[in-house]
Participant: 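Okay, here's the structure, questions in a sec.
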Amino acid sequence: MADPASYRPQPGDIPITPGVYRFRDPHGRVIYVGKAKNLRSRLNSYFANLAGLLPKTHAMVHAASSVEWTMVGSELESLQLEYTWIKEFKPRFNVVFRDDKTYPYLAVTMGEKFPRVQVLRGERRKGTRYFGPYTAGAIRETMDTLLRVFPVRSCSAGVLKRAQDSGRPCLLGYIDKCAAPCVNRVSPEEHRALAEDFCSFMGGEAKRFITKLEKEMAAAVAELDYEKAARLRDDIIALRKVFERNAVVLAEDTDADVFALHDDELEASVQVFHVRGGRVRGQRGWVVEKVEDATMPELIEHLLQQVYGEDSESQGRIPREVLVPENPSNHEELSEWLGGLRGAKVDIRVPQRGDKAALMSTVRDNAEQALKLHKTRRAGDITVRSQALQELQEALELPVPLLRIECFDISHVQGTNVVASMVVVEDGLPKKADYRKFSITGAAAADDTAAMHDVLTRRFRHYLQDKAAQLPRTGSIPASDPAVPEPKAKFAYPPNLVVVDGGQPQVNAAARALAELGIDDVFVVGLAKRLEEVWLPDSDFPVILPRTSQGLYLLQRIRDEAHRFAISFHRQKRGKAMTVSALDGVPGLGEAKRKALVAHFGSLKNIKAATAEELTAAKGIGPALARAVVLHLGEEADAGEARPAINMATGEILED
């Protein structure tokens, strides 16, 4: 734990202008990002009276080893830069709102030639329009109902290609749930118009489509075309079913997001109702751990930053009104920032009375219930994880708590396509962003111990290089610094414990790799599959954990996850090796030019028979590349002639 006095900047060196500051730990990681109207006043408050700091701020300044700042021209610029850095560095002492569950969205991939309607979760994709979020059951029913009226493609890329190749649509095309653009029943322009109508309906223009269909139905009845009128009647019923599923809560011209929070000393729960056209179109929730000593206005400011700033296509998602329980700090600058993202004015307001205040009360009740449910679910989970980490620490007699564990596994088939995996667990939970894959070649692929030694050496050599490159800094950094992102480290900070899949040989190989690099503060154990015993370096006898031990369960879960991750990478690499081409090793010949060669000459046999001048007739193949192809194929032919022929049925070597 660092002494804040060791890196405290001189008060006179800190400017009194607006800016953004970053605290870094001894490993160079950014652990807190903040902004201030007056940098000198704000930063001095962290060092002036350490005893008077709140507990979490006290922990932050003692975990840090340096502080740096960037001056900006206005408070709006500081708001934008603070959000950018929080998103980039994900500091551990900043408030980060995470979904309490992954909500499904109804998405339309308008960026494709034939737009596709599908249900998506997770990160947003460019060129895709999103509607929701919804509950899992409601979104499937909504999608199925709307495809009757707007038969937009909903099949995968593989099904689409198969239909195009065969000239026959899939089942959805036969039952009129798809307009079948794959077989030219409709043109790409007509299909895109259907997708636009789908998006318009989901965007709140339902009445326009229902009115249009009612007029068409009346016209069909007047012409005595009762079959068409019956179809239109069923379409109207389907649209009304979707339209009326959401209750009217506000005036029909109201587009707003209604936020409410409920918090205690440790956590806060947030709920939002998305109101479009006066109806609640979706609901979303977050639960945040209050690692930062933030007031309610500051929490709301961080919330709006993250909710609307996390997507480059925010323009289509930000409504005219954002209703919050309290005005956020930097209220005017935040409104201006959101207006810039939306392309029109955004009004951030606190409803005082009427329907909007009543709706916010309902949202607040949902937030309170969500926090209770979250704590009920987490209580057992946190207890079990804490017990597992404590049992493991005590059984292995380790002097430090196991905040971060990394597990390594080797995968191969009879020594071919040797790969390794690294999985990471922090506080007993997997951290998939830090997972890594390794390809192992040469002498390191000779056996599992050599491979394990190679992988550990590579992983911790990178750590030492990153540590040397990221020296702690204190002071001002250029204002242009945000425009040039810092290079991403290949690996995160080191673990407290390394787990290897294997017994004593693998453990000793891993320990030897760390010793050769001069790393003595990382502990190594191995988990052998045969009896699930835990091996320590240079130990003649394993540590036997009870079969009901939560620590053993944790080790098994980590080992199994590393095994799964390694096997998936091995299968991927093996699959690529099975489709290797004689042209793969030609320097400068990429996939596009390789396809151009094959398309021009028709087969590899014809390419081998062609001269360098003839090869230049293919698109993108110049004289130098043509000579490289001829030289490579010639060397391969010579190598083939040097190898003895083998009878593949019997294994007999055939001699001339």
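For this chain, numbers begin at 1 and follow the sequence in order.
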Participant: Do you know which two heavy atoms are closest between Ala513 and Thr457, and how far apart they sit?
Facilitator: CB-OG1, 3.5 Å
Participant: side-chain contact (heavy atoms from CB on, under 4.5 Å) with Ala510: which residues, sequence neighbours excluded?
Facilitator: Met452, Leu456, Val500, Val524
Participant: Suppose we screen for side-chain contact (heavy atoms from CB on, under 4.5 Å). Which residues come up paired with Ser568, at least two apart in sequence or across chains?
Facilitator: Phe565
Participant: Any side-chain heavy-atom pair from Glu406 and Arg436 closer than 4.5 angstrom?
Facilitator: no
Participant: Can you name the closest pair of heavy atoms from Ile558 and Cys407 and give their distance?
Facilitator: CG2-CB, 3.1 Å
Participant: Given Leu497, which of Val400, Val425, Leu396 fulfils the side chain to side chain contact (heavy atoms under 4.5 Å, CB included) condition?
Facilitator: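 For Leu497, the side chain to side chain contact (heavy atoms under 4.5 Å, CB included) check succeeds only for Leu396.
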Participant: Does the side chain of Glu368 reach to within under 4.5 Å of the side chain of Ser269, using non-hydrogen atoms?
Facilitator: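 They are not in contact (no side-chain heavy atoms under 4.5 Å apart), so the answer is no.
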Participant: What heavy-atom pair brings Gln271 and Asn366 nearest, and what distance separates the two atoms?
Facilitator: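 Closest approach of Gln271 to Asn366, heavy atoms only: CG-C, 3.7 Å.
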Participant: Return the set of residues passing side chain to side chain donor-acceptor pair (under 3.5 Å) with Asn496 (not counting sequence neighbours), or none when no residue passes.
Facilitator: none
Participant: Quick check for you: to the nearest 0.5 Å, what is the distance between Leu341 atom CG and Ile318 atom CD1?
Facilitator: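 Interatomic distance, Leu341 CG to Ile318 CD1, rounded to 0.5 Å: 4.5 Å.
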Participant: Write down the atom of Leu389, the atom of Leu402, and the distance for their closest heavy-atom approach.
Facilitator: CD2-O, 3.6 Å
Participant: Run the ring-centre check on Tyr46 versus Tyr21 and record whether the distance is less than 6.0 Å.
Facilitator: yes
Participant: With side chains defined as the heavy atoms from C-beta onward, is the minimum distance between Arg342 and Tyr308 less than 4.5 Å?
Facilitator: no
Participant: Show the numbers, then the answer: is there a side chain to side chain contact (heavy atoms under 4.5 Å, CB included) between Val346 and Ser335?
Facilitator: CA-CA 6 Å; Val346 175; Ser335 296; 5.7 Å; no
Participant: How about Met110 and Cys199: do any of their side-chain heavy atoms sit closer than 4.5 Å?
Facilitator: yes
Participant: Could you tell me the separation between the CG atom of Leu299 and the CG atom of Asp263, rounded to the nearest 0.5 Å?
Facilitator: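 Reported to 0.5 Å precision, the distance equals 7.0 Å.
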Participant: Quick one: side-chain contact (heavy atoms from CB on, under 4.5 Å) partners of Glu516, sequence neighbours excluded?
Facilitator: His453, Arg512
Participant: What's the spacing between Gln10 CD and Asn44 CG if we round to 0.5 Å?
Facilitator: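 It comes to 10.0 Å.
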Participant: Should Trp85 and Asn94 count as side-chain neighbours, where that means a heavy-atom distance under 4.5 Å?
Facilitator: no
Participant: Run the numbers on Leu304 and Ile348 for side chain to side chain contact (heavy atoms under 4.5 Å, CB included), then give the verdict.
Facilitator: CA-CA 10 Å; Leu304 299 184; Ile348 302 176; 4.1 Å; yes
Participant: Would you indicate whether the side-chain heavy atoms of Val350 and Val324 approach each other to under 4.5 Å?
Facilitator: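 A side-chain contact exists here, since the closest heavy-atom pair is under 4.5 Å.
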Participant: Asp347: which residues meet the salt bridge (charged side-chain N to carboxylate O under 4.0 Å, His left out) condition with it, sequence neighbours left out?
Facilitator: Arg349
Participant: Between Phe460 and Phe408, what is the ring plane arrangement, given parallel below 30°, perpendicular above 60°, and tilted in between?
Facilitator: tilted
Participant: How many angstroms lie between CZ in Arg559 and CZ in Arg564, if you round to the nearest 0.5 Å?
Facilitator: 14.5 Å
Participant: So, taking the atom named CG in Leu79 and the one named CD in Glu336, what distance separates them when rounded to the nearest 0.5 Å?
Facilitator: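 The CD atom of Glu336 is 9.5 Å from CG of Leu79, to the nearest 0.5 Å.
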Participant: For Pro351 and Leu323, work out which heavy atoms get closest and say how close.
Facilitator: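 Smallest heavy-atom distance, with atoms named: CD-CB, 4.1 Å.
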Participant: Can you tell me how far CZ of Phe569 sits from CG of Asp409, rounded to the nearest 0.5 angstrom?
Facilitator: 13.0 Å
Participant: So, for Asp434 and Arg404, which heavy atoms are closest and what is the spacing to 0.1 Å?
Facilitator: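 Taking Asp434 first and Arg404 second, the nearest heavy atoms are OD2-NH1, 3.0 Å.
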Participant: Would you mind listing every salt bridge (Lys or Arg N to Asp or Glu O under 4.0 Å) that reaches into residues 30-41, with sequence neighbours excluded?
Facilitator: Lys35-Glu82, Lys35-Glu301
Participant: Looking at side-chain heavy atoms only, is the closest gap between Pro9 and Phe47 below 4.5 Å?
Facilitator: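 The answer is yes, as the side chains (C-beta and beyond) meet within the 4.5 Å cut-off.
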Participant: Apply side chain to side chain contact (heavy atoms under 4.5 Å, CB included) to Val30 and Phe23, showing your working.
Facilitator: CA-CA 6 Å; Val30 176; Phe23 281 88; over 6 Å; no
Participant: List the steps and the verdict of side chain to side chain contact (heavy atoms under 4.5 Å, CB included) for Thr109 and Gln118.
Facilitator: CA-CA 8 Å; Thr109 58; Gln118 58 183 321; 3.3 Å; yes
Participant: Any chance CG of Leu398 has more than 12 other-residue heavy atoms, nucleotides or ligands included, within less than 6.0 Å?
Facilitator: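 Counting neighbours around CG of Leu398, more than 12 heavy atoms of other residues, nucleotides or ligands fall under 6.0 Å, so yes.
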Participant: Please state whether the rings of Phe259 and Trp286 are parallel, tilted or perpendicular, taking 30° and 60° as the class boundaries.
Facilitator: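 Rings of Phe259 and Trp286: parallel, as their planes differ by under 30°.
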Participant: Flag the pair Ile300 / Glu326 as yes when at least one side-chain heavy-atom distance between them is below 4.5 Å, and no otherwise.
Facilitator: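 Result yes, sub-4.5 Å side-chain heavy-atom pair found.
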Participant: Keeping the roles fixed (side chain from Ser439, backbone from Val419), state whether a donor-acceptor pair exists under 3.5 Å.
Facilitator: no
